[in-house]
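Below: the structure, in structure tokens.
A quick note: this is a predicted structure, and the numbers were derived from the prediction, not measured. Note: hydrogens, waters and symmetry copies are ignored here, and every other heavy atom, side chains too, is used.
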Amino acid sequence: YFHSLETGDFEDAVDCFSADTVYAHPPYRHTGITNPDRVTFRGHEELLAAFRRRGVQTFRHRIDVRLVGGSTCLFEGEVVGLPNDQRGTFMSSARFDADGRIKRYVSFYTEPSPPR
């Protein structure tokens with residue numbers, strides 16, 4: 001998902017999600033989208049439109065910690081390559097359907113990252 005998002009292959013990124021996915025994300029900082037509200041998208045059509053609006057960015061995601069239990073995954077990572085050499089930290093959860101696609105994705109983000 002992150003690789004496809006970062007390379008601009010938004011259709012492939014969306015294919016990582018179930019058709020009835022729920023995707024909840026903090027405001028899209030550093031993307032040119034100025035809406036300060038948390039976003040929630042439902043289904044492939046809304047998610048693809050959101051990824052296209054977000055566009056390809058210069059920052060990247062790095063996953064540092066991953067915990068998997070059954071159909072649920074929790075992970076922590078860093079967003080690197082932000083302006084002024086800043087970094088952000090995210091915590092996310094993903095719940096997968098029977099086909100291994102993400103059915104529910106919830107993410108939280110803070111900036112700057114805490115010390116490593």
In the single-linkage hydrophobic clustering (I, L, V, M, F, W, Y; side-chain heavy atoms under 4.5 Å), do [X] and [Y] co-cluster?
X	Y	answer
Val106	Val14	no
Ile33	Phe51	yes
Val68	Leu74	no

query: With a 3.5 Å cut-off and no angle check, do the side chains of Ser4 and Asp9 form a donor-acceptor pair?
result: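 There is no such pair between these side chains.
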field: side-chain hydrogen bond (donor to acceptor under 3.5 Å, both in side chains) contacts touching residues 66-75 (sequence neighbours left out)
entry: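 Counting only pairs at least two positions apart or across chains, no side-chain hydrogen bond (donor to acceptor under 3.5 Å, both in side chains) contact touches residues 66-75.
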[atom1]/[X]: more than 12 non-hydrogen atoms of other groups inside 6.0 Å:
X	atom1	result
Arg95	CZ	no
Arg42	CZ	no
Gln86	CD	yes
Arg60	CZ	yes

Go through the structure and list residues passing ring pair (Phe, Tyr, Trp, His ring centres under 6.0 Å) with [X], not counting sequence neighbours.
X	value
Phe41	none
Tyr28	His25
Phe90	Phe2, His61

Run the side-chain contact (heavy atoms from CB on, under 4.5 Å) test against [X] and tell me which residues pass, sequence neighbours left out.
X	result
Phe96	Cys73, Ala94, Ile102
Asp37	Asn35
His30	Phe59, Leu82, Pro83, Glu111
Ala49	Arg53

query: Would you say Tyr109 and Thr89 make side-chain contact, with heavy atoms under 4.5 Å?
result: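 The answer is no, as the side chains (C-beta and beyond) never meet within the 4.5 Å cut-off.
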task: Would you check if Asp64 and Arg62 make a side-chain contact, meaning some heavy-atom pair closer than 4.5 Å?
output: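 In short, these two side chains touch, coming nearer than 4.5 Å.
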By salt bridge (Lys or Arg N to Asp or Glu O under 4.0 Å), which residues pair with [X], not counting sequence neighbours?
X	answer
Asp15	Arg101
Arg87	Glu78
Asp85	none
Glu11	Arg52

message: Quick check: closest heavy atoms across Phe10 and Gly55, and the distance to 0.1 Å?
response: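 Taking Phe10 first and Gly55 second, the nearest heavy atoms are CZ-C, 3.6 Å.
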message: If I compare all heavy atoms of Gly8 with all of Val56, which pair ends up nearest, and what's the gap?
response: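 Minimum heavy-atom contact is CA-CG2, 3.4 Å.
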- prompt: If only atom types and distance count, is the side chain of Thr21 paired as donor or acceptor with the main-chain N or O of Tyr23 below 3.5 Å?
  reply: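 Flag not set: sc Thr21 to bb Tyr23 has no pair under 3.5 Å.
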- prompt: Just by modelled atom types, is the Ser107 backbone N or O under 3.5 Å from a matching donor or acceptor in the Ser92 side chain?
  reply: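 No; judged by distance alone, with no hydrogens or angles, the pair does not exist.
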- request: Any chance you could measure Gln57, atom CD, to Arg29, atom CZ, to the nearest 0.5 Å?
  value: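 One finds 13.0 Å between CD of Gln57 and CZ of Arg29.
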query: To the nearest 0.5 Å, what is the distance between CG (Asp12) and OG1 (Thr7)?
result: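 The distance works out to 7.5 Å.
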query: Should Lys103 and Asp20 count as an ion pair when the cut-off is N to O under 4.0 Å?
result: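 Salt bridge between Lys103 and Asp20, a charged N being under 4.0 Å from a carboxylate O: yes.
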- prompt: Do the rings of Tyr105 and Phe75 sit parallel, tilted or perpendicular, given the 30° and 60° boundaries?
  reply: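 Tilted.
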message: Walk me through whether Phe108 and Glu76 qualify under side-chain contact (heavy atoms from CB on, under 4.5 Å).
response: CA-CA 10 Å; Phe108 299 90; Glu76 173 192 344; over 6 Å; no
